[in-house]
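As structure tokens, the structure follows; a few thoughts come after it.
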Number of protein chains: 2
Amino acid sequence: MTQAATRDEPNREDQRARLLAAAEGLVRKHGPDGLSLRELARACGFSTMAIYTLFGGKPGLMQALYTAGFARLHAYALAAEHREAPLRWMVRQMLAYRRFALDNTGLYRLMFGGEKRFAPAGRNTRFASLAVPVEDAYPAFAALVDAVGTCLAHHHAAAPDPSEVQDLAFLVWGQMHGLVGLEIAGYAEPVDALARYHNAVRFICTHCGAAAVEVEAELAAEA
Amino acid sequence: MTQAATRDEPNREDQRARLLAAAEGLVRKHGPDGLSLRELARACGFSTMAIYTLFGGKPGLMQALYTAGFARLHAYALAAEHREAPLRWMVRQMLAYRRFALDNTGLYRLMFGGEKRFAPAGRNTRFASLAVPVEDAYPAFAALVDAVGTCLAHHHAAAPDPSEVQDLAFLVWGQMHGLVGLEIAGYAEPVDALARYHNAVRFICTHCGAAAVEVEAELAAEA
DNA sequence: CTCGACTCAATAACAGTGTTATAGCACTGG
DNA sequence: CCAGTGCTATAACACTGTTATTGAGTCGAG
């Protein structure tokens with residue numbers, strides 16, 4: 001049977017978690033491409049092979065970091081939720097996105113760097129379920145769509161068209177991702193980047209129908 | 001004297017150009033991180049050492065690709081210039097940005113991937129002039145500022161505040177970079193990405209004061 | 001023309017990477 | 001208690017960027 005010697009399951013999960021945490025630290029320090037399996041194994045006291053049995057190799061590890069990153073981004077988005085005040089929700093949502101990116105630069109670059117989604121190199125069949133999942137990004141994006149939709153509905157009389165909400169949410173995502181990406185890549189001093197990000201928030205919120213003074217008040221409240 | 005044996009200068013420049021072109025091809029195929037000095041040297045018939053004498057090592061080569069990339073982006077921007085019709089200029093400028101990114105995905109990722117700007121690893125003093133030049137990006141950005149400024153001035157009565165133009169141009173850059181980055185990273189099908197990019201063009205141009213039908217006409221003309 | 005000096009390119013070596021093959025350990029099921 | 005199996009550690013392979021060394025070639029001075 002394949003179930004023969006599963007050993008203690010919780011131990012396996014703990015090891016995975018420890019490796020993932022350490023890997024995230026290394027990615028934070030050296031960037032997504034500076035992650036070395038040997039250094040990671042040394043830092044955790046394991047051998048290099050443990051990573052292969054637990055993740056199936058480096059692509060599997062990257063994949064795990066990828067999904068963990070989107071889970072955390074989703075958590076940031078949920079923490080910013082504020083259904084009773086749609087405008088505040090919107091502002092907090094946008095600021096939370098940038099905060100996530102700046103707090104987790106390594107993960108962010110790994111998620112959006114455009115690597116061909118970590119296709120495994122070897123012929124290991126056990127971890128063939130990798131390579132593809134853009135869908136990990138969906139929950140975080142759905143939260144953004146939610147915020148944009150309620151904000152639009154709150155400031156306009158008629159309920160907005162769902163596809164229009166999707167389109168606008170994607171534009172907002174693009175705006176946030178672009179500014180944050182430029183900031184991370186070093187094309188703006190942090191103070192300028194913050195001011196420009198605030199400009200983007202103003203830009204989008206007023207487009208949603210919010211009054212300029214209200215937006216300013218929310219920005220001041222979140223500062 | 002240091003001028004002793006400069007050998008034939010044009011030959012050196014030719015070799016640099018050949019290596020750069022081949023390197024760009026490899027970056028296009030394998031991504032910025034998949035560039036191998038040995039493979040590059042093999043493809044050009046040189047030895048690995050030639051890259052060291054001509055570029056000072058891999059960081060120097062990356063740096064050369066970086067500046068070449070921004071020169072080409074600037075060329076795309078200049079080709080989109082259309083001073084007599086500010087709105088058309090604006091639309092063409094934005095579309096040219098995306099076209100550049102899609103035509104030169106490898107270079108684009110190298111330019112905006114956020115690598116710590118190619119600091120040389122060894123203690124080679126001859127190529128110490130590397131690491132820093134964010135300024136390579138300036139000409140391309142200046143062209144964008146120019147387009148945004150004249151478009152704003154054309155659709156508004158009073159001449160716009162220069163700093164306001166700069167801020168808006170940076171927002172536009174962020175919007176373009178974000179959408180293109182998401183597209184390159186695989187977060188949108190090409191057809192959806194194009195439609196959303198068009199949405200961004202509409203969004204920004206109408207914000208500049210252009211009439212919706214005019215923008216639509218320009219988009220149709222450029223299709 | 002000849003010879004020293006100097007630059008550059010090619011070979012090979014070093015430290016590092018991901019991955020794989022081989023062997024050994026620790027454990028469970030009978 | 002023993003066979004069998006999953007997991008790990010050691011070592012090897014092919015590859016990377018970088019550096020040291022060697023050898024070939026060119027230049028200018030005497």
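Basis for what follows: all heavy atoms, side chains included, without hydrogens, waters or symmetry-related copies. Keep in mind it's a predicted model, so treat the numbers as computed, not measured.
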Using whole Å, what does the distance between atom [atom2] of nucleotide [N] and atom [atom1] of [X] come to?
{"X": "B/L37", "N": "C/dT17", "atom1": "CG", "atom2": "P", "result": "18 Å"}
{"X": "B/L19", "N": "C/dA9", "atom1": "CG", "atom2": "C1'", "result": "13 Å"}
{"X": "B/M49", "N": "C/dA13", "atom1": "CE", "atom2": "P", "result": "16 Å"}
{"X": "A/L54", "N": "C/dG18", "atom1": "CG", "atom2": "P", "result": "16 Å"}
{"X": "A/Y52", "N": "D/dT10", "atom1": "OH", "atom2": "P", "result": "16 Å"}
{"X": "A/I51", "N": "C/dT20", "atom1": "CD1", "atom2": "C1'", "result": "15 Å"}
{"X": "B/L40", "N": "D/dG17", "atom1": "CG", "atom2": "P", "result": "9 Å"}
{"X": "B/K58", "N": "D/dT16", "atom1": "NZ", "atom2": "C1'", "result": "8 Å"}

Among side-chain atoms of A/N199 and A/R196, is any donor-acceptor pair under 3.5 angstrom?
no
Any N or O donor-acceptor pair under 3.5 Å from the base of C/dG16 to the side chain of A/R38?
no
Taking only side-chain N and O atoms of [X], does any of them lie within less than 4.0 angstrom of OP1 or OP2 on [N]?
{"X": "A/T53", "N": "D/dC7", "answer": "no"}
{"X": "B/Q15", "N": "C/dA9", "answer": "yes"}
{"X": "B/S47", "N": "C/dA9", "answer": "no"}

Just do the ring pair (Phe, Tyr, Trp, His ring centres under 6.0 Å) check on A/F203 and B/F203 with the steps written out, would you?
CA-CA 11 Å; A/F203 195 73; B/F203 195 74; 5.4 Å; yes
Could B/R72 and B/E24 be called an ion pair, given the rule that one side-chain N must be under 4.0 Å from one carboxylate O?
yes
Thinking salt bridges, do B/K29 and B/E39 make one under a 4.0 Å N-O criterion?
no
If you compare all heavy atoms of A/F55 against all heavy atoms of A/L61, which two are closest, and at what distance to 0.1 Å?
CB-N, 3.7 Å
Looking at A/Y197, A/F170, A/Y108, which hits ring-ring contact (aromatic ring centres under 6.0 Å, His included) with A/H177?
A/Y108
Tell me, which of residues 21-36 of chain A have any heavy atom that sits under 4.0 Å from an atom in DNA chain D?
none
Taking the inter-plane angle between the rings of A/Y187 and B/Y66 on a 0 to 90° scale, is it parallel (under 30°), tilted (30 to 60°) or perpendicular (over 60°)?
parallel
Please tell me which of B/R42 and A/F46 maps to the more 5' nucleotide of DNA chain D, matching each residue to the nucleotide holding its nearest heavy atom.
A/F46
